[in-house]
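Reviewing the structure listed below.
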Amino acid sequence: MLRLRHPVSLFLITVLVLLGVLRSYSTPSAVDAGAPDVVFSALRSEAILRQLVAEKLPHVAGSPHNTVLRHRIIAQLEAAGYQPDVQSRFHCNPLFGSCSPVENVIAVKPGAVGKHAILLTAHYDSAWAGPGAADDGAGVAAILEIARMAADFPAFDNDVIFLLSDSEENGLIGADAFAEHHPLFARVKAVINLEARGVSGPSVMFETGVGNRSVIRMLAKNLERPIANSLTYEVYKRMPNDTDFTVYARKGVMGLNFAFVQGVALYHSVLDDPDHLDLGSLQHHGDNAWGMLKAFGERDLTTINHAEDAGYVDVFGLGLSHYPISIAGGLVLFLGVWVMLAIGLAFRKEFRYRQLRWGLLAIPLLFAALVVGGYLLSWPLGRWPDLHPLEHPHPWIGRLTLFLLLGLLIYSTLKVFSGRVSACAWMVLAWALLFALGLILVSKMPAAAYVVLLPLAMFALGSLIDLFRKKSPAPLLMASLFGFGTAAFISLYHFFMLDVVMNFDRSYLKAAPLGLIALTVMPMLLAYVKNRELTWQPARWLLVVILAACFVHLLLPGFTAQRPRDMTLMYSESDGSKQGYIVLESVHGRHDRAYARNHGFEIRELNDGRLGAVERPVREVAALNLPAIEIATGPSSAEQAGWRREFSIEVPAGQRFLQITVPPEVGLQRAVVNDQLALDTSIEIKQQRKSSTIRVVYPAPGTLRLELFTESGDAFTAAAVTWHDLPGVLTAPFLGNWPEDARPAFYGPRAEKIQEFTVPAAQ
Ligand SMILES: [Zn+2]
């Protein structure tokens, strides 16, 4: 029936598909600086970036170095012929309880019609530890280069607003200030946001708005290398991550959010500098932004909000396959029935229902074995080695091991079930299973239905070809090959996609998409091995190779100088305590254990500054007695639904961080900082609010007024945290022999003072 000359052809198809899929996860090559101005050049943009972050210093919103960066951005825009404007205010984002000074840089290229505007934006502030060359310097440098290119370009119909926003890292504060207070925002009908959660990889379009069908069509039409899929968007919606785009999406503005996410070990680290940035990522960012800017530029922006969403997936980065959600159900039904009919007709003579019995055992067994095998491999591949939660510096041995596991399971299934399950029985079950999965996806997550739609469609197409070669002894050969090839694409595409959210410690999840390859290849293999004697010898060899690969993998370092662990030296003390602690902080919980042991750090419970405790590797030292901040409790008054309590906090000059936490039982409803709404807990956000915390980054010196609106009028204990410089005498014994594979990241080196204070009952 499905006789192939040799199964090597199936292997070759898989390898070709793998190469195609790897193209989706790679970047275009950087265009050199001599290219004409209508083409985005990563090298021109890189020159801007290197100048912006020349000192490789962090530039948190409100910091002195942030001002240096801002002046360079303004100079770039002025040199390109713009008259940039700075939106300057102290602002709070009530979604996150965070406040900071904001200095948004804005330049406008007026449009020929100019009624509506496109917002092209990236944030120029960095996280605390590093220079933020990728996050989000690459976005800023791409936009500055595009602004320069656009200056000489004939006017588009629509205005273009270039917004280099401030204070994204502290809680999307700059973007919120722009959306809430800048008069230009009312005209914005399309947003293009550029971001990064790593230093390399393609610029993926990972987020759009509700009713994205039109913009997805535009994306497909206007980008040379679109990398996007609607499953990522569905997953991202459920993840606790946010970017500036969140602010605009919540206001109902349609748009596209691009980010590159590989090299996540360097994210928010001291090594997020221009030397570690993949210029291909910068090129891709620029190509995407420039391509979409031109498309939005000439479009009537009132037409980009569609009534419905699209499902979409890029094919090898060559094009975007997409469909309106509303037809997903009909398509699955139509194609599913077609495929089942094609199989039924092709095999109506040889098919017997009782053949299905062994198949009903074999298929679940194969999937169970894949998950159990993946679970067992998760120990040598991901749990025993010391690894970053998301990234392996040498991932290919681990990937190969999972591919070999798949091979072993396919071969073992053939050995056990050949002669028991007929090829046509497996085919009926496999495609019926996919059909059923399609129906489930359509009802639960129609944007992800492409996972099944594409293989069904290609099987159906193949069956048409088979119709014309019906004299062939192998009915449905083309259908099987097309269906399998497409299933292999879906399988491998998502296998690599999972790298973005997990490491090999969850190999059972990583291996799961590979099941699709096994499911669809098996009918052809069963037909091939029919009447052949199989031995266990190849399976034994595969097992030996898998064990050898595990062994090799165990010898690979999980962290390298290029892909280091995050480990930051900081100091913490509680007010009034005689001891302080030097802490080896790792946000991912991956501090260097050998280093900690050799330098006298031991795991202790520590005040986390938010009325709770954390376990950290620490060394006890005599308290530095950092200066305490003065917090005075003012009057309180009864409100409609609770109590209003007033505080005044004396902020000394140079204070870079202040955080106030109140316990959950007081029921904090709102917080107001200097007459601005700083936190509104009734606003729903993606992440769970752990405690009621208000943060102020670079508060102005003088009196800071804080008002808390609480449900309960009882007395309570609150905690304040302030950051100070980490004295060199504390760090000197450690920094001399600091491990090569560990770098400060996230909040960076600092000395933290924790003050708990009692707030009297309201009256
Ligand atoms: Zn960012």
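Order of appearance sets the numbers: ligands from 1, and atoms from 1 within every ligand. Since we're looking at a predicted model, the values are computed, not measured.
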Heavy atoms of other groups near Y747 OH, more than 12 under 6.0 Å: no
Tell me how many protein N, O or S atoms are within a distance shorter than 2.8 Å of the Zn ion (ligand 1). 4
Regarding R23 and S26, do their side chains bring together a donor and an acceptor under 3.5 Å, going by distance alone? no
Strictly by modelled atom types, are D135 and H268 linked by a side-chain donor-acceptor pair under 3.5 Å?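 Short answer, yes.
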Relative to each other, are the rings of Y493 and Y25 parallel, tilted or perpendicular (30° and 60° limits)? tilted
Counterpart residues, salt bridge (Lys or Arg N to Asp or Glu O under 4.0 Å), relative to K510 (two or more places apart): D499
Does L704 form a side-chain contact (heavy atoms from CB on, under 4.5 Å) with N674? I'd like the steps, not just the answer. CA-CA 6 Å; L704 183 136; N674 290 349; 4.0 Å; yes
